[in-house]
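Here's the structure we're looking at; comments come further down.
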Amino acid sequence: MSGGTATGYTGTQIFSTTFAQWAAREVLRRAQPHTLFVRFAPRQRQKPMNEMLASGREPAELDPAGSLVDADMGAYYNWLNLQRLTGADKSSSLVWFEGHREAIAIGPSLPRGTTSSAAASLEQILSWAA
């Protein structure tokens, strides 16, 4: 995992979405919100720093596969961080792959180990997890 000095890791945050994960953890810890939305956006493809600095205003090349791995792990770590808070036994987590027809919801009101192939709106899923 990479991160900057603000996160306590070594390396760089230029190529990852670790900042979203760190920010979510800090919000959960400090503000203890009732609802938190974290959006992991595509990261840029890794290339040598001299190429990044030398290039003009050309658009960044994105890394969709790496971004999905980052978001998957980030969502999991956010859920783990949520479990460390007071009231975790009443907390719910929803992960949705934007633009796709799949989501995962975990919470005390949802039965374990079940799946559904029925269509549901995001609003419906949120109400089930509440």
Side-chain angles (χ1 to χ4, degrees):
M1 180 177 350
S2 63
T5 55
T7 63
Y9 304 113
T10 59
T12 179
Q13 288 186 350
I14 294 173
F15 304 112
S16 73
T17 56
T18 305
F19 179 77
Q21 177 190 330
W22 173 82
R25 182 185 70 225
E26 290 302 304
V27 168
L28 287 170
R29 185 177 69 82
R30 295 178 186 189
Q32 299 180 358
H34 289 282
T35 304
L36 175 65
F37 288 98
V38 181
R39 182 176 188 265
F40 291 87
R43 68 181 183 183
Q44 73 181 55
R45 187 170 309 281
Q46 188 169 356
K47 58 184 173 180
M49 185 61 80
N50 61 343
E51 284 183 37
M52 287 178 46
L53 296 173
S55 66
R57 297 188 192 271
E58 59 193 46
E61 237 185 293
L62 299 180
D63 179 10
S67 300
L68 185 57
V69 171
D70 285 351
D72 185 36
M73 292 305 297
Y76 177 67
Y77 284 128
N78 284 331
W79 181 79
L80 287 176
N81 287 324
L82 184 65
Q83 299 312 297
R84 296 178 181 152
L85 299 176
T86 303
D89 56 331
K90 297 176 186 144
S91 68
S92 299
S93 182
L94 171 69
V95 179
W96 172 50
F97 185 9
E98 195 173 357
H100 291 75
R101 305 181 120 208
E102 295 180 15
I104 183 170
I106 303 168
S109 63
L110 299 165
R112 289 179 169 234
T114 59
T115 61
S116 173
S117 59
S121 69
L122 192 53
E123 183 179 3
Q124 286 174 310
I125 297 170
L126 288 170
S127 72
W128 297 335

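Among all heavy-atom pairs drawn from Leu82 and Ser92, the shortest one is CD2-O, 3.7 Å. Contact record, Trp79 with Ser93: CD1-CB, 3.4 Å, taken as the closest heavy-atom pair. Here the closest non-hydrogen pair linking Ala88 and Ser91 is O-OG, 2.7 Å. Across Trp22 and Arg25, no two heavy atoms sit closer than the pair CD1-NH2, 2.8 Å.
Grouping the Ile, Leu, Val, Met, Phe, Trp and Tyr side chains by contacts below 4.5 angstrom, directly or via other members, places Leu85 with Leu36. Leu126 and Trp96 fall within the same hydrophobic cluster, defined by Ile, Leu, Val, Met, Phe, Trp and Tyr side-chain heavy atoms under 4.5 Å apart, directly or through other members. Linking Ile, Leu, Val, Met, Phe, Trp and Tyr whenever their side-chain heavy atoms come within less than 4.5 Å leaves Val95 and Phe37 in two separate clusters.
With sequence neighbours excluded, no residue forms a salt bridge (Lys or Arg N to Asp or Glu O under 4.0 Å) with Arg84. Ser121 is linked by a side-chain contact (heavy atoms from CB on, under 4.5 Å) to Glu123, Gln124, counting only residues two or more places apart in sequence or in another chain.
Of the inter-residue distances, the one linking Thr115 atom OG1 with Ile104 atom CD1 reads 10.5 Å to the nearest 0.5 angstrom. Atom CD of Gln32 is separated from atom OG1 of Thr86 by 6.5 Å, given to the nearest 0.5 angstrom. Going from atom CD1 of Ile106 over to atom CG of Leu110 covers 9.0 Å, rounded to the nearest 0.5 Å. Here the CG-CD distance, from Asn81 to Gln21, works out to 7.0 Å after rounding to the nearest 0.5 Å.
In this structure, Asp72 and Tyr76 have side chains that are not in contact, with every pair of non-hydrogen atoms separated by 4.5 Å or more. Taking 4.5 Å as the limit, every side-chain heavy atom of Arg45 sits out of range of all side-chain heavy atoms of Ser67.
Checked by atom type and distance alone, the side chain of Asn78 pairs as donor or acceptor with a backbone atom of Gly74 at under 3.5 Å.
With a 6.0 Å radius and a threshold of 12 heavy atoms from other residues, nucleotides or ligands, Leu80 has its CG atom above the threshold.
Residue pairs meeting the salt bridge (charged side-chain N to carboxylate O under 4.0 Å, His left out) criterion with at least one member in residues 90-115, sequence neighbours excluded: Arg39-Glu98.
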